[in-house]
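Heads up, the thing below is written out as structure tokens.
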Number of protein chains: 2
Amino acid sequence: MQTTTIKIDSAAIVLKLLGDKTRLTMVKLLETHNCCVCEFVEIFQASQPSISQHLRKLRDVGLVNEQRRGQWIFYSINTEHAFFPFLKEVLKQVPKQDYRIKYLEENGTRITCC
Amino acid sequence: MQTTTIKIDSAAIVLKLLGDKTRLTMVKLLETHNCCVCEFVEIFQASQPSISQHLRKLRDVGLVNEQRRGQWIFYSINTEHAFFPFLKEVLKQVPKQDYRIKYLEENGTRITCC
DNA sequence: TGATTATATAAGTGAATGCTTATATAATTA
DNA sequence: TAATTATATAAGCATTCACTTATATAATCA
């Protein structure tokens, strides 16, 4: 009973995080492509701090991991997270956003270091 | 492209609505039991206006329907909503909340009119 | 080594959110 | 018909949110 209560509350926290179009799109993209901050800045045409702050929220609950590679910091989905299966199922319902990666590639702003 | 953008934005709006433990629990309950406002007041030990306002948000985007039966207004899931399949899949990931209905029944506060 | 690039974080701000209290309306009951 | 019950809604308020600008740090490059 208590466990159930805790679980649905945690689910609400995750859904709240996903309830923002920028973060939802980020996570959908990360499902298939690791991305760095500057790629997101380009994709969303948003300021760098704004993007960093969205990523921080995802990182704070552990849904994503960060990994530095050279001057870039790449983000990826944390598949070890207790809510990863939940996240996966939600993302399954969301349309692919791969065209945004294509845009980067055509744009020459896709980062493929190391 | 445009369609895809609109869809993921709409998905984010729905997820944001579900990203509140009260509304998420409400919708999970409504998945299996139609409920009236006073039942939610009892279940969540919340004020009547607070419950009404949560239901209004769900109603405003059309996720739930309301139907007056005598002095009560019963809420139900709108299975005709474009996002109903999406909602259904999300709810599938959320633990059942039926024990809350049992609580009403044992409590004598379950409304079963008409 | 100094300039540049990529990133994080802090502080400030306006808008949105979820609650409260107060009030209005609709149906039921005495 | 008056009182009660169920509900909606409006207004006010504290908190949260997503953004901005400003600044700091870390890595790379010239």
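Order of the sequence lines fixes the chain letters, A, B, ..., with proteins taken first and strands second; residue numbering starts at 1 for each chain.
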Please walk me through it: do A:V37 and A:S52 pass side-chain contact (heavy atoms from CB on, under 4.5 Å)?
CA-CA 7 Å; A:V37 180; A:S52 273; 4.0 Å; yes
Please list each protein N or O that sits under 3.5 Å from an N or O in nucleotides 21-27 of chain D, with the distance.
none

Does [X] reach a base, just sugar-phosphate, or nothing at all? Heavy atoms under 4.0 Å.
X     : value
A:K57 : sugar-phosphate
B:E66 : sugar-phosphate
B:Y75 : sugar-phosphate

Between [N] ([atom2]) and [X] ([atom1]): distance, integer Å:
X      : N      : atom1 : atom2 : result
A:I111 : D:dT28 : CD1   : P     : 13 Å
A:W72  : C:dT5  : CH2   : P     : 12 Å
B:I13  : C:dT17 : CD1   : C1'   : 15 Å
B:K21  : D:dT16 : NZ    : P     : 13 Å
A:R23  : D:dT16 : CZ    : P     : 15 Å
B:D20  : D:dT16 : CG    : C1'   : 13 Å
A:L55  : D:dC19 : CG    : P     : 12 Å
A:Q67  : C:dA6  : CD    : P     : 18 Å

How about A:E105: does its CD atom have over 12 heavy atoms from other parts shown lying under 6.0 Å from it?
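Yes - once you tally the heavy atoms of other residues, nucleotides and ligands closer than 6.0 Å, there are more than 12.
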State whether B:R56 and B:D60 are salt-bridged, where the test is any N-O pair (Lys NZ or Arg NE/NH1/NH2 against Asp/Glu carboxylate O) under 4.0 Å.
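Answer for the salt bridge query: yes.
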Could you tell me whether A:K92 and A:E89 have a side-chain N and a carboxylate O separated by less than 4.0 Å?
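A salt bridge is present here (some side-chain N lies under 4.0 Å from a carboxylate O).
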Test side-chain contact (heavy atoms from CB on, under 4.5 Å) on B:N78 and B:F83; report intermediate values, then the result.
CA-CA 9 Å; B:N78 178 10; B:F83 273 78; over 6 Å; no
Phosphate oxygens OP1/OP2 of D:dC17: is one of them under 4.0 Å from a side-chain N or O of A:K16?
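Yes, A:K16 has a side-chain N/O under 4.0 Å of OP1/OP2 on D:dC17.
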With a cut-off of less than 4.0 Å, is there a side-chain N or O of B:H54 near OP1 or OP2 of C:dC19?
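B:H54 to C:dC19 OP1/OP2: side-chain N or O found under 4.0 Å.
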CG of A:L58 to CD1 of A:I77: how many Å apart, nearest 0.5 Å?
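Interatomic distance, A:L58 CG to A:I77 CD1, rounded to 0.5 Å: 8.0 Å.
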Which residues pass the salt bridge (Lys or Arg N to Asp or Glu O under 4.0 Å) test with B:K16, sequence neighbours left out?
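Here no residue qualifies.
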